[in-house]
Amino acid sequence: MSTLFSRIIDGEIPSYKIYEDAYTFAFLDINPLVLWHTLVVPKIEVDSFIDVPEPYYSAVFRTAKKIAPAIQKATRCNRIATMIVGYEIPHFHYHVIPTQWMEDLDRRNTGPATPESLKDIQKAILSFLDK
């Protein structure tokens with residue numbers, strides 16, 4: 001059975017796509033730590049980051065580096081935080097999170113985002129991508 005992320009990549013489940021290339025897919029987290037929280041996943045199903053083969057592994061980090069400046073410009077955040085956690089979905093994913101302070105990384109302060117806010121966020125990030 002395909003992971004949730006593979007189904008998103010394949011278009012079976014809708015997402016708020018930020019970026020896609022031959023090896024990666026980046027999209028907004030619908031249960032973000034903070035709004036603008038974006039996930040970058042390889043286009044192969046591998047549970048743990050230590051098992052992700054090249055060129056997918058390096059591509060995840062290149063994609064994160066490409067989208068992070070757009071997120072930072074759109075949010076005017078202090079710092080882009082990143083995390084590899086991997087408990088939620090058995091498909092390696094890299095979290096790209098705009099933060100003002102450390103407390104932004106506390107899951108207890110979060111809730112689901114609305115479809116309207118996600119559409120607005122997606123549009124804003126895309127307007128700063130490659131600029």
Can you confirm whether H93 sits close enough to P42 that some side-chain heavy atom of one is under 4.5 Å from a side-chain heavy atom of the other? no
Report the C-alpha distance between V34 and I97 in whole Å, list the side-chain angles of each, state the deciding distance to 0.1 Å, and finish with yes or no for side chain to side chain contact (heavy atoms under 4.5 Å, CB included). CA-CA 7 Å; V34 295; I97 308 159; 3.6 Å; yes
What do the steps show when you test T63 against Y23 for side chain to side chain contact (heavy atoms under 4.5 Å, CB included), and what is the final call? CA-CA 9 Å; T63 295; Y23 301 105; over 6 Å; no
dist D10:CG -> S2:OG (nearest 0.5 Å) comes out at 6.0 Å
For a 4.5 angstrom cut-off between non-hydrogen side-chain atoms, does L33 reach M83? yes
Who pairs with A113 by side-chain contact (heavy atoms from CB on, under 4.5 Å), at least two apart in sequence or on another chain? P32, L35, S117, L118
Using the rule that Ile, Leu, Val, Met, Phe, Trp and Tyr join whenever any side-chain heavy atoms are under 4.5 Å apart, tell me whether V40 and L105 fall into a single cluster. no
Other than V41, what residues sit in its cluster of Ile, Leu, Val, Met, Phe, Trp and Tyr side chains whose heavy atoms are under 4.5 Å apart, directly or through others? L4, F5, I8, I9, I13, F25, F27, L39, I89
Set of residues satisfying ring pair (Phe, Tyr, Trp, His ring centres under 6.0 Å) with respect to F61, sequence neighbours excluded: Y57, Y94
Partner set under side chain to side chain donor-acceptor pair (under 3.5 Å) for R79, not counting sequence neighbours: none
Listed pairs under 3.5 Å, donor-acceptor, residues 43-50 side chains, sequence neighbours left out:
{"unit_1": "K43", "atom_1": "NZ", "unit_2": "E20", "atom_2": "OE2", "d": "2.7"}
{"unit_1": "K43", "atom_1": "NZ", "unit_2": "D21", "atom_2": "O", "d": "2.7"}
{"unit_1": "E45", "atom_1": "OE2", "unit_2": "T3", "atom_2": "N", "d": "3.1"}
{"unit_1": "E45", "atom_1": "OE2", "unit_2": "S6", "atom_2": "OG", "d": "2.7"}
{"unit_1": "S48", "atom_1": "OG", "unit_2": "I50", "atom_2": "N", "d": "3.4"}

Hydrophobic cluster membership, with links at side-chain heavy-atom distances under 4.5 Å among I/L/V/M/F/W/Y: are Y19 and V96 in one? yes
Rounded to the nearest 0.5 Å, how far does NZ of K73 lie from OG of S127? 10.0 Å
Donor-acceptor check, side chain of T99 to backbone of W101, threshold 3.5 angstrom: yes or no? no
Does some side-chain heavy atom of I30 sit less than 4.5 Å from a side-chain heavy atom of P112? no
Atom NZ in K119, atom CD in E116: separation rounded to 0.5 Å? 7.5 Å
Applied to residues 86-96, the salt bridge (charged side-chain N to carboxylate O under 4.0 Å, His left out) test, sequence neighbours excluded, yields none
How far does CD1 of I71 sit from CZ of F128, to the nearest 0.5 angstrom? 12.0 Å
Step by step, would you call L28 with I121 a side chain to side chain contact (heavy atoms under 4.5 Å, CB included)? CA-CA 8 Å; L28 296 175; I121 291 166; 3.7 Å; yes
State which residues pass side chain to side chain donor-acceptor pair (under 3.5 Å) with E54; sequence neighbours excluded, sorted by chain then number. S58
Would you say R76 has more than 12 foreign heavy atoms packed within less than 6.0 Å of its CZ? no
Could you note down all residue pairs passing side-chain hydrogen bond (donor to acceptor under 3.5 Å, both in side chains) where residues 25-38 supplies at least one of them, sequence neighbours left out? H37-H95
Any residue meeting side chain to side chain donor-acceptor pair (under 3.5 Å) with E12, in chain and number order, not counting sequence neighbours: R7
Salt bridge (charged side-chain N to carboxylate O under 4.0 Å, His left out) with R108: which residues, sequence neighbours excluded? D106
Over all heavy atoms of both residues, which pair between T75 and P98 is shortest? Give the atoms and the distance, please. OG1-CB, 3.8 Å
